[in-house]
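Because the structure is predicted, anything quoted here is derived from the model rather than measured.
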Amino acid sequence: DLWDKVQACLKANAPKRRRSINIASTSLLTGLLYVDKGERLTPIHTRKPNGRRYCYYISARLAKGEVDDGTALRLPAPQIEGHVIRRLTDLLPNTARLMEVTGHQCLSPHQIKQLEKTASNLLRRLSSDNPKIQRLALIDSLKQITIGSDELTLTLIAPALYKDLNVKTDAGATKSDTKDTLIPLTYPLQIKRRGVETKLIIGGKALGQPDQQLIKLIAKSKSWYDGLTSGEFKSIGQIATLENIDNSDVSRALTLAFLSPTIIKDFIAGHHPVDLTVRDLLRKASRLPLNWDSQRRYLDMAA
């Protein structure tokens, strides 16, 4: 049930955040992450007044104490680390795609089996709960991660994928001997800022942890609507009094009870515009179309 998934997402929020912070503290992408002008992003750790420790990757000039001119980046570590690992773990089980990106589409059955074995081993390491194992797998498989103005590039070290295939080059050497062979994989990218932080939108979808405040708002809208239809709540005013908010906010939020199930799933997964805040969603709710396809266009969510 979709609403069970909403509640499960909310309940699971606290442990997921703790785990993300622990992973971030290992700085998985240290030495790998750059902007397209060649500037390296440096990992830093900060501790908030609530005692929690957070990790970011920031432009090297910020780490040196220079003033932000509006172009420097400050990326939450779980966001970019999670995306890089997901891109790789999506690629590795896809044998046809692996053959395409390595330029070897005419492999023998034995070579295909070996490629799958190598990819499976790398996938296992990248999916490990041990950050040290993940870090070594990233170093073995990536030369560099580059954040451009409109695309993200993962530069793979090719021998990490076909080191055991014994595929011959034109010069007669094996591909496993050509250690500098690199494979660039690019993904569409948008960069948006929220306060001092930078958010990345990859392929039209928001990247990082789901926005728990948005999920709570949607869950409340459904609860309020069900309460009104069942008679638990006598009026919008009663809900507003109980929640200590304005009647108008309740009225707008109730419209969200009619969101498309696929849109709700996208919110749970964090696949929504990164700059769509609770305030923005409430503002848009008053004109939310009833047609589900129109809702997606109205909220600027990728199909």
Specify the closest pair of heavy atoms between [X] and [Y], including all atoms of both residues, with the distance to one decimal.
X	Y	value
P43	T30	CG-OG1, 3.4 Å
S128	N130	OG-N, 2.9 Å
S59	E39	CB-OE2, 3.6 Å
A160	S141	CB-CA, 3.9 Å
L91	R97	CD1-CG, 3.2 Å
G148	D36	CA-OD2, 3.5 Å

Any side-chain heavy-atom pair from [X] and [Y] closer than 4.5 angstrom?
X	Y	value
L88	L138	yes
I112	M99	yes
S260	I264	no

Please determine whether a side-chain nitrogen of the Lys or Arg among [X] and [Y] lies less than 4.0 Å from a carboxylate oxygen of the Asp or Glu.
X	Y	value
K113	E116	no
R125	D140	yes
K222	D226	yes
R296	D293	no

For the side chain of [X] and the backbone of [Y], is there at least one donor-acceptor N/O pair under 3.5 Å apart?
X	Y	value
Y225	K220	no
Q111	S108	yes
S235	Q238	yes
T89	R86	yes
S221	I218	yes
Q295	P289	yes
Q144	L33	no
S223	A219	no
R252	S286	no
Q134	L126	yes

Hydrophobic cluster membership, [X] vs [Y], 4.5 Å side-chain cutoff:
X	Y	result
I245	L282	no
L92	L107	yes
L217	L254	no
I268	W292	no
I139	L156	no

Legend entry - Derivation and outcome, side-chain contact (heavy atoms from CB on, under 4.5 Å), residues L75 and I58: CA-CA 6 Å; L75 300 174; I58 66 173; over 6 Å; no

Straight-line distance of [X] [atom1] to [Y] [atom2], nearest 0.5 Å:
X	Y	atom1	atom2	answer
L281	L299	CG	CG	6.5 Å
T95	E100	OG1	CD	12.5 Å
I147	Y34	CD1	OH	12.5 Å
I239	E232	CD1	CD	8.5 Å
F258	N291	CZ	CG	14.5 Å
I44	Y57	CD1	OH	11.5 Å

Inset, instruction - Evaluate the criterion side-chain contact (heavy atoms from CB on, under 4.5 Å) for residue pair V84 and L154; output intermediate values, then yes/no. - result: CA-CA 8 Å; V84 169; L154 305 184; 4.1 Å; yes

Legend entry - Y56 and R74: side chain donor to acceptor below 3.5 Å: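 No - no donor-acceptor pair under 3.5 Å links their side chains.
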
Legend entry - Lys/Arg cation over aromatic Y187: R87, 6.0 Å, 45° cone: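 Ring-cation test returns yes.
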
Legend entry - Worked check of side-chain contact (heavy atoms from CB on, under 4.5 Å) between T155 and I145: CA-CA 6 Å; T155 304; I145 303 157; over 6 Å; no

Inset, instruction - Step through the shown structure and confirm whether more than 12 heavy atoms of other residues, nucleotides or ligands are within 6.0 Å of CZ on F233. - result: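 Enclosed.
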
Inset, instruction - Go through the steps to decide whether S27 and H45 satisfy the test side-chain contact (heavy atoms from CB on, under 4.5 Å), and finish with yes or no. - result: CA-CA 9 Å; S27 302; H45 299 86; 3.8 Å; yes

